[in-house]
Colleague: 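Before we start, here is the structure in question, set down as structure tokens.
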Amino acid sequence: MKTFQYITIAAAAILPLLFTSCIKDDLYNTPHPDKGALMVSPDFSKHTEGVALPQEYVLSVGGNECNAPASQAFCYPELLTPAEYRIMAYNIPEGVTATDNKASVNRLADGTFTAMPGYLFTYSAPVTIVADDTVKVDMPMTQRMRDLYIKLTVTEGDVERVAAVKGSITGIAGEFDILHGTTAGDAGSVTPAFTVTGTTVVAHTRLLGTTGDRQTLTLDITFNDGRSQTVNSDITQLLKDFNADMTTPTEIHGNLLLPIAAGFDITITDLKTDEVENVDLY
């Protein structure tokens with residue numbers, strides 16, 4: 001596999017290779033009548049509101065990779081023999097590793113996926129290079145991470161008795177196949193940071209998507225007297241369409257009933273999904 005470093009289009013004018021690949025010749029359409037050039041333009045316009053877009057991305061052409069600037073058109077720094085090539089483009093956000101055409105969310109020491117990775121964007125499509133021409137490709141970059149918020153309102157029991165809350169979500173995808181545009185790999189779990197805010201227990205995580213047959217939300221609540229209880233909720237139906245619209249954050253909200261006397265258990269009721277009403281709450 002070859003690896004290139006990107007240069008700006010302005011700087012390309014001073015390099016012989018790019019000069020001959022993108023400028024017209026008097027006798028032919030280009031100075032390279034037996035080969036073709038490739039110009040790509042990434043489009044990051046479709047994304048979650050407020051997302052910090054990447055400054056650069058990785059461009060793969062027929063398996064050869066180079067870095068490219070995300071804010072402008074880019075001339076691939078090698079002339080290509082006429083043929084069909086597979087183009088892939090992707091950024092490598094914080095908390096994500098990319099190898100062998102797949103992007104994987106990093107795992108923590110306990111084996112769970114990083115709960116708040118950066119936003120992954122990808123593109124994959126074939127392109128046909130023709131001799132004596134420059135092929136221009138617009139690349140709509142697709143956001144592959146979606147924000148999930150959890151808000152549980154304490155409607156029974158005394159929230160001031162809660163000393164700590166830990167939680168996890170199972171049935172989560174940790175790998176994305178850039179070539180085919182789908183999640184891949186075995187299902188795993190995330191452990192978002194849960195906090196108590198007023199009368200609510202809240203958390204925020206960012207996911208490649210769901211995978212497997214079932215997703216479960218588990219809460220472990222420790223009380224001031226040292227006792228703890230665990231409650232599990234099946235959220236499979238709530239997240240059945242989670243992978244369909246990655247740019248719209250979604251919230252799981254419901255009621256949390258704390259024990260009011262010895263012998264009672266924690267209960268979660270009336271779970272629903274909706275758009276996020278107040279991101280600042282998290």
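If you read the sequence from its start, that first residue is 1, and numbering goes on from there.
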Colleague: Atom OG1 of T199 and atom CG of L256: how far apart are they, to the nearest 0.5 Å?
Modeller: 10.5 Å

Colleague: Heavy atoms only: give me the nearest G95-P117 pair and the separation to one decimal.
Modeller: O-CB, 4.2 Å

Colleague: Check whether the side chains of Y119 and D147 place a donor and an acceptor atom closer than 3.5 Å, and report yes or no.
Modeller: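 Judged by distance alone, the side chains do pair up.
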
Colleague: How about CG on D186, more than 12 heavy atoms from neighbouring residues, nucleotides or ligands closer than 6.0 Å, or not?
Modeller: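 No, because the 6.0 Å sphere around CG of D186 holds 12 heavy atoms or fewer from other groups.
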
Colleague: Are side-chain heavy atoms of I235 and L271 found at a separation under 4.5 Å?
Modeller: yes

Colleague: Do R214 and T170 have side-chain N/O donor and acceptor atoms under 3.5 Å apart?
Modeller: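 No - no donor-acceptor pair under 3.5 Å links their side chains.
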
Colleague: Which of parallel (below 30°), tilted (30 to 60°) and perpendicular (above 60°) describes H47 and F121?
Modeller: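 Because their plane-to-plane angle is over 60°, the rings of H47 and F121 count as perpendicular.
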
Colleague: Decide yes or no on side chain to side chain donor-acceptor pair (under 3.5 Å) for D274 and Y149, but give the supporting numbers first.
Modeller: CA-CA 10 Å; D274 208 340; Y149 296 84; over 6 Å; no

Colleague: Any heavy-atom pair between the side chains of L219 and I266 that's under 4.5 Å?
Modeller: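 A side-chain contact under 4.5 Å is absent here.
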
Colleague: Got more than 12 heavy atoms from elsewhere within 6.0 Å of CD, E275?
Modeller: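 It does not: E275 CD has 12 such atoms or fewer within range.
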
Colleague: Minimum heavy-atom separation for A98 and Y90, please, with both atom names.
Modeller: CB-CE1, 3.6 Å

Colleague: Nearest 0.5 Å, please: how far is NZ in K151 from CD1 in I252?
Modeller: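 NZ of K151 is found 13.0 Å from CD1 of I252.
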
Colleague: Identify whether the distance between the nearest side-chain nitrogen and carboxylate oxygen of R227 and D225 falls below 4.0 Å.
Modeller: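 Salt bridge present between R227 and D225.
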
Colleague: Over all heavy atoms of both residues, which pair between P54 and A70 is shortest? Give the atoms and the distance, please.
Modeller: O-CB, 3.2 Å

